[in-house]
Amino acid sequence: ASGRGDSAKHYVEGFLYDLESDPYELRNLIEFESHRGVADVMRQRLLRRMAAAGEEEPTIELSSTRKSGQRRVDPGEELM
């Protein structure tokens, strides 16, 4: 957004960081299958906040996923 109330109608997921274990944002987790649930929750939060601000709901293109070798995020943990 430009600050004039303009908003984009299309976004592409690009970044997801675990700030607790990676405070310097060195490892982008957006493509990892193990973190898809977290990305989904964050996308829904963004859409709700945009709606609350009176913005049109955009389309958000999901990132492709791949196996990471990382542990999976437990159900409910993405809400923390």
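Just the heavy atoms: all of them, side chains too, but no hydrogens, waters or symmetry mates, feed the values below. Here, residue 1 is the first one in the sequence, and each next residue gets the next number.
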Q: Could you tell me whether the side chain of T65 reaches within less than 4.5 Å of the side chain of H35, counting heavy atoms only?
A: no
**Q.** Nearest heavy-atom neighbours spanning R36 and R43
**A.** NH2-NH1, 3.5 Å
Q) Which pair of non-hydrogen atoms, one from P58 and one from L47, has the smallest distance, and what is that distance? A) CD-CD2, 3.8 Å
Q. Can you check whether D22's main-chain N or O pairs, donor with acceptor, with D18's side chain at less than 3.5 Å?
A. no
Q: Side-chain contact test, heavy atoms from C-beta onward, threshold under 4.5 Å: evaluate it for H10 versus I60 and give yes or no.
A: no
Q.
For Y17 versus E25, what's the shortest heavy-atom pair and its separation?
A. CE2-O, 3.4 Å
Q) If you take all heavy atoms of I30 and G14, which pair is closest and at what distance? A) CG2-O, 3.4 Å
Q: Keeping the roles fixed (side chain from E31, backbone from S64), state whether a donor-acceptor pair exists under 3.5 Å.
A: no
Q. Which value, rounded to the nearest 0.5 Å, describes the distance between N28 atom CG and S63 atom OG?
A. 8.0 Å
(Q) Is the shortest side-chain heavy-atom distance between L29 and S34 below 4.5 Å? (A) no
Q | Gap separating the CE atom of M50 from the CD atom of E56, nearest 0.5 angstrom | A | 9.5 Å
(Q) Just so I know, are the side chains of K9 and T59 near enough to count as touching, which here means a heavy-atom distance under 4.5 Å? (A) no
